[in-house]
Every structure is written in C-alpha cells, then in structure tokens.
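Structure first, commentary second.
As the structure lists them, so they are numbered: ligands from 1, and atoms in each ligand from 1. This chain uses plain numbering: 1 for the first residue, then up along the sequence.
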Amino acid sequence: MKIISGPASKTLAEEVSAQTGFSNVSVVSKVFPDGESYVRLEGNVQGENVAIVQTTCPPMQDGKLFQLAFLADSAKRAGARKVTAVVPYLAYARQDKMFLSGEGISVETIARMLKASGIDEFLTVNVHSETTLAQFPFPAKTLSAIPLIADYFIKKGFKGAFALSPDKGAMYIAKQAQTVLGGDVGHLNKTRDRYTGQTVQTAEGLNVKGQTVIILDDIISTGGTIVGAAKILREQGAKHIFCGCVHGLLIGDAEKRILDAGVEEIVGTDSVPGNVSKVSLAPLISQELKAQK
Ligand code: R5P
C-alpha cells in the first residue's frame with residue numbers, strides 16, 4: 001500500500017506513512033486564479049493499493065472534497081488498483097436525513113460523487129451518525145478517536161473524571177470515554193429548532209457536585225452546545241470542566257466563548273488541524289490500514 005498525502009492532511013498522512021512503513025506519495029496542489037483546484041501525484045502508484053488521507057473540514061470543505069475526488073481520479077488513471085479514501089472529518093455528515101421537506105441528503109450526494117471519482121473504499125473517524133455509512137455506494141467504516149482523547153486526559157492526571165455527553169445522541173461517546181477514565185457517566189438533554197438552529201439544554205438527575213467533568217462530543221462547531229453544557233455544570237457545582245471533541249471546527253470565536261464559559265481546556269484531534277488538535281489520529285488510522293493492506 002502507498003499513502004497519498006492529501007493537501008488538507010499532509011502532516012497526518014506523513015505520520016501515517018511513518019507509523020505503517022507504507023511509502024508516501026506527495027501531491028502538488030494549487031488554486032488557479034479563478035478559484036479552481038489543481039492536484040498532481042508525484043509518485044508511481046501503478047498496480048498499488050493506495051490510501052488518500054484528506055480531511056474535509058472548514059475552511060473550504062467543498063474545495064477539499066474536490067481535491068479528494070481529483071486525487072482519486074488521478075490515482076486510478078495512473079493505474080492504482082484500489083483507492084481507499086481516509087477522510088478524518090467528513091463534511092456534510094450532519095445533513096444525513098431530510099429534516100425539512102424540500103431538502104436533500106447532502107452526505108449521500110457527496111458519497112456518490114466520490115464513488116464516481118474512483119474511490120473504492122472509505123474510512124472516516126467518528127462520523128456524526130454511523131447509519132449514514134450504510135447508504136454509501138462503497139464499503140465504509142468509521143473509527144473512534146474517543147479512547148485516544150480519554151487517554152490524553154488520563155496522562156494529565158484525570159483518572160476517575162466524570163464523562164458527560166451534552167446530549168443523549170452522543171452518550172455512546174461518553175461511555176467509550178468512561179471505559180478509559182473509569183469514573184461516572186451521564187448526559188444532558190438537548191433539543192434543536194430546525195429552522196433557527198437554536199438549542200435548549202437541560203439536566204435531569206445529574207450529580208456532578210465537586211467533580212472533574214469532561215464534556216465529550218463528536219463535533220464542536222459554533223461552540224453553543226459546549227457553552228450551554230458548561231453553564232449547567234457550573235450551576236450544578238462541578239469543580240473542574242474540560243472538553244474533548246474529535247472534530248474541533250471552532251467556528252468564529254467558539255474557542256474563546258468556550259474558555260470564557262469556564263472550560264479549562266479544549267482537546268481535539270488533527271482531523272481539524274489547529275489550536276486544539278492535541279491528539280493525533282495517526283495511530284488509529286495506521287492500525288486500521290495495516291490490518292487492511
Ligand atoms: C450535534 O448533534 C453534534 O453532536 C454537536 O453537538 C454539534 O454539532 C455541536 O454544534 P455547536 O458547537 O454549534 O453547538
């Protein structure tokens with residue numbers, strides 16, 4: 001197998017190459033003056049199984065998706081046998097159903113586009129809803145980075161911390177963290193107005209008084225969910241509040257708002273390279289690719 005370094009995940013792809021021992025194929029990329037993307041493979045992939053590592057986080061998630069599709073096409077035209085897309089953060093994963101009439105299912109459109117470009121298999125990390133992947137036109141799998149994030153907190157001395165999910169849907173994430181942290185687990189309730197996007201959070205039967213609490217979620221976008229959860233935790237007497245998320249998009253001033261809300265540290269992964277990407281997905285992805293090769 002060879003690892004193709006997508007322009008959006010160059011560092012991660014190189015780390016995966018180092019950890020797997022699979023050679024790395026670099027990519028030349030540029031954006032034309034009119035905004036169109038250009039990519040070119042700088043290595044031989046004839047007869048090879050290749051994995052293209054390319055996240056599709058903001059900014060310019062559409063451009064990153066097109067780079068991925070163009071790379072898959074380039075690899076196939078250069079004679080690659082099988083193309084696996086490794087997409088740590090999958091854009092549009094939250095539009096996985098028709099919430100309102102007149103909508104489409106964006107994530108399924110993306111998958112069909114990727115299939116047409118030459119992608120044969122798909123690997124992602126903590127996709128928003130796992131059932132999405134069953135509708136994809138190729139074998140697709142999601143891995144969980146939560147044990148790695150929980151381990152980060154263990155190394156900082158937070159064994160026994162309370163693992164909190166900000167809504168019922170992410171309870172599976174909190175439970176995975178609890179397995180590593182060894183403390184209690186619980187969730188808040190959250191409802192979202194589909195027209196305004198406004199959310200309302202409530203706590204029922206939660207006892208976090210005097211505890212160190214780690215709020216765990218798949219995605220932080222505007223930060224509203226975490227800010228709301230932190231407010232409830234402070235009201236309930238939590239002693240320390242931390243936050244672990246797989247995909248720290250942190251749009252606008254989300255990071256500042258979360259820290260201002262009393263969260264002591266935000267920990268994310270390199271699915272979204274930036275200030276909070278303190279946990280690398282390289283070991284998780286490497287292990288999976290080595291098992292597949
Ligand atoms: C939603 O169900 C997700 O798991 C996240 O909780 C959500 O996307 C976070 O969005 P925001 O940071 O804008 O509240």
Side-chain angles (χ1 to χ4, degrees), residues 55-59 61 87-100 103 105-107 110 124-133 142-147 149-150 162-178 185-203 206 213-234 241-269 271-277 279 281:
T55 198
T56 59
C57 63
Q61 47 272 61
V87 184
Y89 173 75
L90 175 61
Y92 296 102
R94 284 176 290 174
Q95 185 67 29
D96 57 355
K97 54 172 86 87
M98 294 163 69
F99 296 98
L100 299 175
E103 292 180 346
I105 304 181
S106 309
V107 73
I110 298 297
T124 188
V125 179
N126 290 95
V127 73
H128 183 59
S129 161
E130 203 166 333
T131 52
T132 305
L133 302 183
T142 184
L143 308 173
S144 180
I146 294 298
I149 293 171
F162 190 109
L164 181 92
S165 164
D167 57 38
K168 214 171 170 183
M171 189 58 179
Y172 82 98
I173 284 179
K175 282 185 176 158
Q176 285 178 4
Q178 183 204 21
V185 67
H187 69 86
L188 301 178
N189 295 311
K190 181 175 89 172
T191 53
R192 186 182 291 273
D193 183 313
R194 283 284 157 201
Y195 288 96
T196 65
Q198 288 296 320
T199 57
V200 177
Q201 285 162 287
T202 53
L206 194 71
V213 182
I214 303 174
I215 310 167
L216 294 137
D217 210 348
D218 56 345
I219 301 171
I220 301 177
S221 180
T222 65
T225 301
I226 302 298
V227 168
K231 183 170 178 283
I232 292 174
L233 291 174
R234 282 199 325 272
I241 307 172
F242 294 87
C243 168
C245 70
V246 181
H247 312 296
L249 306 181
L250 296 168
I251 304 304
D253 63 351
E255 184 177 355
K256 181 176 182 311
R257 287 174 51 240
I258 291 170
L259 297 175
D260 288 351
V263 173
E264 294 176 38
E265 186 180 358
I266 308 168
V267 177
T269 77
S271 73
V272 185
N275 286 353
V276 306
S277 52
V279 171
L281 296 173

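In this structure the side chain of Leu164 reaches within 4.5 angstrom of the side chain of Leu206, judged on heavy atoms. Within the 4.5 Å cutoff, the side chain of Ile226 has heavy atoms near those of the Val263 side chain. Residues Ser165 and Asp167 are in side-chain contact: their nearest non-hydrogen atoms beyond the backbone lie under 4.5 Å apart.
What sits closest to atom 1 (C) of ligand 1 on the protein, heavy atoms only, is His128 CE1, 3.6 Å. In terms of protein heavy-atom proximity, atom 8 (O) of ligand 1 is closest to Arg94 NH1, 2.9 Å. Nearest protein heavy-atom neighbour of atom 6 (O) of ligand 1: Asp217 OD2, 2.5 Å. Shortest contact from atom 9 (C) of ligand 1 to any protein heavy atom: Ile219 O, 3.4 Å. Ranking the protein heavy atoms by distance from atom 14 (O) of ligand 1 puts Thr225 OG1, 2.5 Å first.
Interatomic distance, Ile232 CD1 to Gln201 CD, rounded to the nearest 0.5 Å: 5.5 Å. Between the CD1 atom of Ile214 and the CD atom of Gln178 there is a distance of 12.0 Å, given to the nearest 0.5 Å.
Relative to atom 11 (P) of ligand 1, the option among Leu250, Thr222, Ile215 with the closest non-hydrogen atom is Thr222.
For the pair Ala170 and ligand 1, no heavy-atom separation below 4.0 Å is found.
Near Gly223, meaning under 4.0 Å from one of its heavy atoms, ligand 1 places the atoms 11 (P), 12 (O), 13 (O). Close approach of ligand 1 to Ile220 is summarised as follows: ligand atoms under 4.0 Å from at least one heavy atom of the residue are 12 (O).
In this structure, Arg234 contributes its side chain and Ala261 its backbone to a donor-acceptor pair below 3.5 Å. Side-chain N or O atoms of Thr269 include one that pairs as donor or acceptor with a backbone N or O of Val246 at under 3.5 Å.
Counting heavy atoms under 4.0 Å from ligand 1, residue Asp218 touches it through the side chain alone.
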